[in-house]
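Here is the structure we will look at, set down as structure tokens.
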Amino acid sequence: MTHRNPNNIFIQGAISPSQIGKDIAAHQGKTRIGGHSIFLGQVRADEMQGQTVRAIEYTAYEAMALDKMHQIREAIFSKYSLVCLHVYHSLGIVASGEICLFVFSSSVHRKDAIMATEEIVNNIKSSLPIWGKEIFTNDEYQWKK
Amino acid sequence: MTHRNPNNIFIQGAISPSQIGKDIAAHQGKTRIGGHSIFLGQVRADEMQGQTVRAIEYTAYEAMALDKMHQIREAIFSKYSLVCLHVYHSLGIVASGEICLFVFSSSVHRKDAIMATEEIVNNIKSSLPIWGKEIFTNDEYQWKK
Amino acid sequence: MSVLEVLVFGQLTDSIGKDRIHFSYVQDTELFRKALNESFPGLRDKTFLLAVNQELVLKKKILKPGDTLALLPPFSGG
Amino acid sequence: MSVLEVLVFGQLTDSIGKDRIHFSYVQDTELFRKALNESFPGLRDKTFLLAVNQELVLKKKILKPGDTLALLPPFSGG
């Protein structure tokens with residue numbers, strides 16, 4: 001299994017659903033794949049103290065996050081039999097209802113992709129130095145917990 | 001058995017990636033959702049006895065499958081906290097590399113959607129009366145196991 | 001005329017050559033399996049479940065005239 | 001002049017008012033935490049990890065002049 005170079009996972013702003021559709025379509029030539037497991041994180045319009053979250057602004061320690069993501073990829077590829085793996089995380093403003101995280105694992109048999117995606121999402125949340133600032137409709141904010 | 005108007009999960013031919021993108025986009029107004037978990041089944045170009053699978057032709061006992069799918073949905077909604085759940089399965093010819101199964105669960109917190117999708121996929125494979133006929137490049141076939 | 005409608009699926013359509021047949025009424029699913037094997041000896045070494053009116057039947061079940069049976073080889077959807 | 005570069009992230013940017021500061025060189029991470037708390041008393045009740053040159057540091061670590069430190073409050077990506 002060849003490992004890819006650590007790609008930049010960060011994109012500015014929301015991840016577009018039509019791009020997700022295109023990324024799925026781009027895998028139709030890989031006819032060893034039997035299953036894709038996708039996780040999408042979407043910004044919730046949570047209500048707190050009478051205010052509603054209208055967006056989350058993401059910042060990251062980018063160099064450290066990419067290095068850590070590379071380690072996560074290596075560990076996942078050595079643990080599961082994957083054909084490919086793509087991860088995208090937003091930076092900057094993502095409005096409520098928009099997508100901020102896209103994890104996309106593909107494998108010959110479904111189990112590997114399903115388990116890989118779940119584990120990667122958990123690792124991203126616990127281990128990547130990324131912070132979300134919840135911005136309310138009145139432009140006040142609080143740091144996401 | 002009361003008929004509770006189960007939704008039709010079946011679509012003729014392959015499931016298109018651009019439609020998947022549109023289905024994802026259609027959830028951006030549901031701002032309670034924090035995570036989507038998607039599984040896609042893709043037809044593999046498996047090689048057997050010197051032949052390559054060029055397509056799978058799916059048939060089903062449709063009425064029974066829809067009734068069973070309705071039971072699966074009810075059980076999943078009572079077990080997990082989901083905002084919504086969509087399932088599509090192809091009937092007829094799906095070429096290698098194309099998508100034949102689309103399971104799409106959405107929840108406030110990611111765990112529910114992830115566990116629901118995995119369980120639904122397992123249930124679909126084990127419990128729905130659907131059969132795949134693997135058609136080789138020389139037009140011979142074998143029934144999928 | 002009392003009949004049972006029988007739907008045939010998957011690889012069993014190859015064994016039987018049709019996807020729908022009619023059988024004279026018999027009283028229960030065990031008698032039905034016996035009659036089916038007599039009519040289609042090629043089914044003897046096949047694994048399949050029966051459904052009666054869309055419900056899987058794992059034990060002996062009494063049949064009514066007009067019931068719809070289905071012959072269900074192992075599922076392979078997804 | 002021997003300095004340590006310090007990157008500040010998340011809610012700590014509110015406490016410190018900047019996302020990058022410079023500190024006079026100290027020999028190890030425990031001395032650094034002490035100096036940091038003296039300069040920014042508001043950090044005393046904050047939870048955060050230190051990274052040195054992009055590596056998380058959970059125990060005391062010797063520092064070299066020119067090292068890049070980062071103050072990392074609990075992550076909240078995804």
Side-chain angles (χ1 to χ4, degrees), chain A residues 14-47 52-56 83 94-111 113-115 117-122 124-125 144, chain B residues 14-47 52-56 83 94-111 113-115 117-122 124-125 144:
Chain A
I15 296 161
S16 94
S18 69
Q19 185 59 49
I20 295 167
K22 284 177 193 161
D23 285 358
I24 293 166
H27 287 71
Q28 301 211 319
K30 297 192 176 182
T31 55
R32 288 176 57 226
I33 293 172
H36 305 285
S37 176
I38 292 173
F39 179 82
L40 303 174
Q42 184 167 300
V43 172
R44 289 196 309 268
D46 280 351
E47 290 181 35
T52 303
V53 173
R54 68 165 172 81
I56 293 181
V83 178
V94 181
S96 302
E98 291 187 320
I99 291 165
C100 57
L101 173 61
F102 175 24
V103 176
F104 184 8
S105 307
S106 308
S107 56
V108 177
H109 300 290
R110 73 183 184 281
K111 210 78 194 165
I114 289 172
M115 294 180 73
T117 291
E118 180 174 9
E119 195 166 318
I120 292 160
V121 173
N122 290 342
I124 287 171
K125 299 219 175 210
K144 192 171 164 238
Chain B
I15 296 161
S16 93
S18 69
Q19 186 58 50
I20 294 167
K22 284 176 194 163
D23 285 359
I24 294 166
H27 287 72
Q28 302 212 318
K30 296 192 177 184
T31 57
R32 287 177 57 226
I33 293 172
H36 305 285
S37 176
I38 292 173
F39 180 82
L40 303 174
Q42 183 167 300
V43 173
R44 288 196 311 267
D46 280 350
E47 290 181 34
T52 304
V53 172
R54 69 164 170 81
I56 292 181
V83 177
V94 182
S96 302
E98 291 186 321
I99 291 164
C100 56
L101 173 62
F102 175 24
V103 176
F104 184 8
S105 307
S106 308
S107 55
V108 178
H109 301 290
R110 74 183 184 280
K111 210 78 193 166
I114 289 173
M115 294 180 73
T117 291
E118 180 175 9
E119 194 166 318
I120 292 160
V121 173
N122 290 342
I124 286 171
K125 299 220 175 211
K144 191 171 164 239

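Not measured: the values here are computed from a predicted model. In what follows, every chain begins at residue 1, and chains take the letters A, B, ... in the order their sequences are listed.
For Asp23(A), no part lies near chain B; criterion is any non-hydrogen pair under 4.5 Å. Contact annotation for Arg32(B): only backbone heavy atoms (N, CA, C, O) come within less than 4.5 Å of a heavy atom of chain A. Interface remark: Val53(A) contributes no atoms to any contact with chain B (heavy atom separation under 4.5 Å). There is no contact between Lys22(A) and chain B, counting heavy-atom distances below 4.5 Å.
Per-residue counts of heavy-atom pairs under 4.5 Å with chain A were compared for Ile99(B), Ile114(B), Ile33(B), Leu101(B); the largest is that of Ile33(B). Each of Leu40(B), Val103(B), Ile20(B) has some count of heavy-atom pairs under 4.5 Å with chain A, and the biggest count is that of Leu40(B). When Gly35(B), Gly21(B), Ser37(B), Gly34(B) are compared by the number of non-hydrogen pairs under 4.5 Å with chain A, Gly34(B) comes out ahead. By number of non-hydrogen pairs under 4.5 angstrom with chain B, the leading residue of His36(A), Lys125(A), Glu47(A) is His36(A). Taking Asp46(B), Thr52(B), Val108(B) one by one and counting their heavy-atom pairs under 4.5 Å with chain A, the maximum is reached by Val108(B). With respect to chain B, the highest number of heavy-atom pairs below 4.5 Å among His27(A), Lys111(A), Arg110(A), Gln19(A) belongs to Arg110(A).
What you find for Cys100(A) and Ile15(A) is that their closest heavy atoms are C-CD1, 3.6 Å. Closest heavy-atom contact between Thr117(A) and Ser105(A): OG1-OG, 2.8 Å.
To the nearest 0.5 Å, atoms CD (Glu118(B)) and CD1 (Ile120(B)) are separated by 11.0 Å. With rounding to the nearest 0.5 Å, the separation of CD1 in Ile24(B) from CD1 in Ile38(A) is 6.0 Å.
Using a 4.5 Å cut-off on side-chain heavy atoms (C-beta onward), Pro17(B) and Gln28(A) make contact.
In this structure a side-chain-to-backbone donor-acceptor pair under 3.5 Å is missing from Thr31(A) to Ser96(B).
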